[in-house]
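Take a look at the structure below.
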Amino acid sequence: MRIKKQTGFTIVELLIVIVVIGILAAITIVAYNGVQQRANNTARISAASQVIKLIESYKVVNNAYPATISACLTVDNICTSWNGTVSTTDNTALVNALGAVGRLPDDVPRQSGSLYGLMYNYRSNMTYNGNERHVLLMYWLEGGAQDCNAQNIVVQVPAYADNPDPWAPSTTGYTSTSGDRTTCYAAL
């Protein structure tokens, strides 16, 4: 009589396989989130670059910036102001004015949380580096300490008698960072 040998996996082998699958799944999720964040930030930076060129083109044609105090620079009017308040300002006049010289981005990837979009802020008395700058373009990136990839990224410094200029050039490539968010203010 022949004894048939039972074959199969032991419980230890099954546990090892489950642990390996779990590790691979965790690596995949982390890698995917990083790719998604970079793609969203690239889209936001591209939209900001497009808007900066559009604003500068408007200035060349009209010899001034649009005097809209504060409004979203997206067709869908979805953004927040610097303090995270959802913009309810009607952006029709600004969109139409800039639309006369070019096209605004159709979509800027929306972020969870309180700061998202492209925000135009006109300031008649703003200076930067000793020169008049009348526009702040504000946008936000996912992740801490991300490079805004734009010229004239500024940081706010305290204004006092011997330094009335509250804006200084950023030495880091971004305005500020907090946890998983990077703030970008470009002075135009």
Side-chain angles (χ1 to χ4, degrees), residues 36-129 131-143 146-156 159 165-170 173-178 180-188:
Q36 186 178 22
Q37 176 183 313
R38 283 191 302 276
N40 287 339
N41 284 347
T42 298
R44 289 180 189 100
I45 290 166
S46 176
S49 176
Q50 180 181 350
V51 164
I52 288 169
K53 290 174 186 168
L54 189 60
I55 293 168
E56 293 298 343
S57 295
Y58 180 93
K59 183 182 181 231
V60 168
V61 169
N62 297 288
N63 210 22
Y65 290 110
T68 301
I69 300 300
S70 184
C72 287
L73 273 174
T74 54
V75 174
D76 58 9
N77 198 25
I78 297 176
C79 67
T80 60
S81 63
W82 61 271
N83 64 0
T85 305
V86 175
S87 176
T88 57
T89 304
D90 181 10
N91 72 346
T92 305
L94 181 60
V95 167
N96 290 340
L98 293 174
V101 295
R103 181 174 168 87
L104 285 170
D106 290 326
D107 185 35
V108 178
R110 187 161 180 184
Q111 294 168 254
S112 61
S114 62
L115 299 172
Y116 51 84
L118 296 170
M119 191 72 181
Y120 176 91
N121 194 298
Y122 180 80
R123 297 177 176 209
S124 60
N125 60 351
M126 186 176 89
T127 59
Y128 159 70
N129 236 9
N131 300 309
E132 285 187 7
R133 298 289 180 162
H134 297 292
V135 174
L136 273 182
L137 177 66
M138 298 175 273
Y139 56 103
W140 297 268
L141 303 175
E142 294 174 34
Q146 301 292 312
D147 190 339
C148 295
N149 286 315
Q151 291 184 352
N152 298 332
I153 297 297
V154 296
V155 294
Q156 194 165 15
D165 191 352
W167 300 99
S170 171
Y174 54 85
T175 300
S176 65
T177 186
S178 175
D180 64 345
R181 181 77 38 102
T182 297
T183 300
C184 304
Y185 289 0
L188 309 178

**Request:** Look at the side chain of Thr177 and the backbone N and O of Arg181, then say whether any donor-acceptor pair between them is shorter than 3.5 Å.
**Result:** yes
**Message:** To check you understand the geometry: which heavy-atom pair defines the closest contact between Val155 and Thr175, and what is its length?
**Reply:** CG1-O, 3.3 Å
**Message:** Donor-acceptor check, side chain of Ser57 to backbone of Lys53, threshold 3.5 angstrom: yes or no?
**Reply:** yes
**Message:** Give me the atom names and distance for the closest heavy-atom approach of Asn121 to Ser70.
**Reply:** ND2-OG, 3.9 Å
**Asked** Minimum heavy-atom separation for Leu137 to Ala48, with atom names?
**Response** CD2-O, 3.8 Å
**Message:** If you count heavy atoms of other groups shown closer than 6.0 angstrom to CD of Gln151, is the number above 12?
**Reply:** no
**Message:** Before you tell me yes or no, could you show the steps for Leu188 and Asn152 under side chain to side chain contact (heavy atoms under 4.5 Å, CB included), namely the whole-Å CA-CA distance, both residues' side-chain angles and the distance that decides it to 0.1 Å?
**Reply:** CA-CA 7 Å; Leu188 309 178; Asn152 298 332; 5.6 Å; no
**Request:** May I ask you to test the Gln146-Gln37 pair for a side-chain heavy-atom distance under 4.5 Å?
**Result:** yes
**Request:** Locate the shortest heavy-atom distance separating Cys72 from Asn91; write the atom from each residue and the value.
**Result:** O-ND2, 3.2 Å
**Asked** Would you call Tyr174 and Leu141 a side-chain contact if the rule is heavy atoms closer than 4.5 Å?
**Response** no
**Asked** Step by step, would you call Trp167 with Leu136 a side chain to side chain contact (heavy atoms under 4.5 Å, CB included)?
**Response** CA-CA 11 Å; Trp167 300 99; Leu136 273 182; 3.5 Å; yes
**Fill in**
Between Tyr65 and the options Arg123, Glu56, Arg133, the side chain to side chain donor-acceptor pair (under 3.5 Å) test singles out Glu56
**Asked** Looking only at heavy atoms, what is the nearest atom pair of Ile45 and Cys148, with distance?
**Response** CG1-O, 3.7 Å
**Asked** Just by distance, do the side chain of Gln50 and the backbone of Arg103 share a donor-acceptor pair under 3.5 Å?
**Response** yes
**Item:** Rounded distance [0.5 Å steps], OH in Tyr185 versus CE in Met119
**Value:** 10.0 Å
**Prompt:** Do you see a donor-acceptor pair shorter than 3.5 Å between the side chains of Asn41 and Arg44?
**Reply:** yes
**Prompt:** Among Asn96, Leu94, Val135, which one satisfies side chain to side chain contact (heavy atoms under 4.5 Å, CB included) with Pro66?
**Reply:** Leu94
**Asked** If every non-hydrogen atom of Asp147 is compared with every non-hydrogen atom of Gly173, which pair is closest and at what distance?
**Response** OD1-O, 3.5 Å
**Prompt:** Can you find a heavy atom in the side chain of Leu73 that is under 4.5 Å from one in the side chain of Leu54?
**Reply:** no
**Asked** Taking the side chain as C-beta and beyond, is there a heavy-atom pair between Tyr139 and Cys79 under 4.5 Å?
**Response** no
